[in-house]
Protein chains: 2
Amino acid sequence: MTDTIDTRYLETLLGYNTRRATLTIIGRFIERMVEFDLRPVDFSVLSLIGHNPGITARQLCHTLNILPPNMVGFLKAFEKRDLIDRSPHPTDGRSMGLTLTKKGQQLMQKAEVAAIESDASAAYPLSASEQKTLMRLLQKIYRNAA
Amino acid sequence: MTDTIDTRYLETLLGYNTRRATLTIIGRFIERMVEFDLRPVDFSVLSLIGHNPGITARQLCHTLNILPPNMVGFLKAFEKRDLIDRSPHPTDGRSMGLTLTKKGQQLMQKAEVAAIESDASAAYPLSASEQKTLMRLLQKIYRNAA
DNA sequence: TATTGTTATACTCTATAACTATA
DNA sequence: TATAGTTATAGAGTATAACAATA
């Protein structure tokens with residue numbers, strides 16, 4: 001490994017750069033979430049339930065691009081950990097409305113603060129204005145996707 | 001699915017935004033590479049071999065963060081497709097120097113052009129100057145990772 | 001003793017088919 | 001007939017342990 005590897009071509013590719021940055025940021029996030037026993041997908045699901053009480057599994061799947069069969073296990077595990085409640089949906093007998101339990105709320109309150117801290121630490125080489133710009137440009141890409 | 005889901009908190013997170021943008025860009029890349037029968041990881045490996053003739057498997061693993069046992073199958077498949085050659089390493093009898101075959105060079109010449117086109121199409125909502133800025137900010141994040 | 005490449009294997013993540021209960 | 005949730009299962013992708021050959 002004394003030779004230097006030429007990665008200049010790959011570094012001209014947007015996909016390569018976004019992927020590397022994602023790995024850096026998510027890697028840090030994973031470490032930070034160990035204390036809450038949450039993986040990134042757990043965090044996203046619970047955060048959405050917290051901010052959208054009564055949301056259904058189907059809506060979670062659609063929003064987070066998770067296939068329904070893969071959501072089942074997540075929700076089961078959250079229920080077992082007493083982080084969520086499932087109540088009959090008011091108008092649709094097939095669905096269950098999902099809410100955070102008191103324990104779930106307390107966990108996510110701390111986890112969401114930690115997530116913001118983790119992000120900030122990953123973005124520390126960037127100024128506040130650069131961070132704002134970066135978010136704006138990233139959102140432009142995935143919102144305008146054809 | 002008539003209700004709107006509130007994703008505002010998640011959208012304040014850098015990790016969420018980079019991941020969503022990565023999925024958009026890589027998704028497009030995957031489609032574009034179908035005609036070359038290359039997955040993203042195949043493209044990265046072959047591109048590095050092309051730009052670094054004589055590179056070893058270990059160097060590829062280190063550069064692309066791939067574990068050695070998982071590289072074995074990739075290289076076997078490339079050899080079977082007559083895309084790479086393995087020659088004895090000049091100074092280290094344990095290693096093999098990897099190079100692209102003529103066929104591999106021809107494939108990657110086209111694939112690298114297609115990759116740039118795919119990137120450009122994913123980045124079309126951004127001006128040229130915004131694209132340059134985005135790359136710079138992303139590189140700042142993964143290069144300065146603590 | 002350490003490193004390269006390899007085999008075998010396990011674990012996680014993601015994807016598909018098919019079923020039930022309800023709309 | 002279509003949709004929400006579920007089960008079972010298959011396929012990628014990623015991880016660890018252990019080995020032979022070479023440094």
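Computation of the quantities below employed the complete heavy-atom set of this structure, encompassing side-chain atoms and omitting hydrogens, waters and symmetry-equivalent molecules. In what follows, chains are A, B, ... by sequence order, proteins preceding strands, each numbered from 1.
- Between E35(A) and K110(A), none of the side-chain N atoms (NZ, or NE/NH1/NH2) sits under 4.0 Å from a carboxylate O, so this pair counts as no salt bridge.
- The closest side-chain donor-acceptor pair between Y142(B) and N17(A) falls under 3.5 angstrom.
- Put simply, R86(A) has a side-chain N or O that comes within less than 4.0 Å of OP1 or OP2 on dT6(D).
- Residue M96(A) is in sugar-phosphate contact alone, with no base atom involved, counting any heavy-atom pair closer than 4.0 Å across all strands shown.
- In this structure, F36(A) has its ring center no closer than 6.0 Å to that of F43(A).
- Whole-Å rounding puts the I66(B) CD1 to dT4(C) P distance at 16 Å.
- Checked for salt-bridge contact, R28(A) and E117(A) miss the test: no charged N lies under 4.0 Å from a carboxylate O.
- Atom CE in M71(A) sits roughly 13 Å away from atom C1' in dA4(D) (whole-Å rounding).
- Atom CG in L64(B) sits roughly 15 Å away from atom P in dG13(D) (whole-Å rounding).
- In terms of position along DNA chain D, the nucleotide closest to P69(A) lies nearer the 5' end than the nucleotide closest to the other residue of the pair N70(B) and P69(A).
- Between S95(A) and dT3(D), a side-chain N or O to OP1/OP2 separation shorter than 4.0 Å is absent.
- In this structure, CG of D92(B) is placed 11 Å from P of dT22(D), rounded to the nearest angstrom.
- The residue among G93(A) and L67(A) whose nearest nucleotide of DNA chain C lies closer to the 5′ end is L67(A).
- In this structure, H89(B) places its NE2 atom 16 Å from P of dT3(C), rounding to the nearest Å.
- Look at K76(B) and you'll find a side-chain N or O under 4.0 angstrom from OP1 or OP2 of dT7(C).
- In this structure, F74(A) atom CZ and dG5(D) atom C1' are separated by 15 Å, rounded to whole Å.
- For dC13(C), one of the phosphate oxygens OP1 or OP2 lies less than 4.0 angstrom from a side-chain nitrogen or oxygen of R39(A).
- Between D42(A) atom CG and dC13(C) atom P the separation is 9 Å, expressed in whole Å.
- Using a cutoff of 4.0 Å between basic side-chain nitrogens and carboxylate oxygens, R20(B) and E11(B) are not scored as salt-bridged.
- One can place CZ of R58(B) at 15 Å from P of dA23(D), the figure rounded to the nearest angstrom.
- Within the structure, every side-chain polar atom (N or O) of R94(A) is placed at least 4.0 Å from both OP1 and OP2 of dT3(D).
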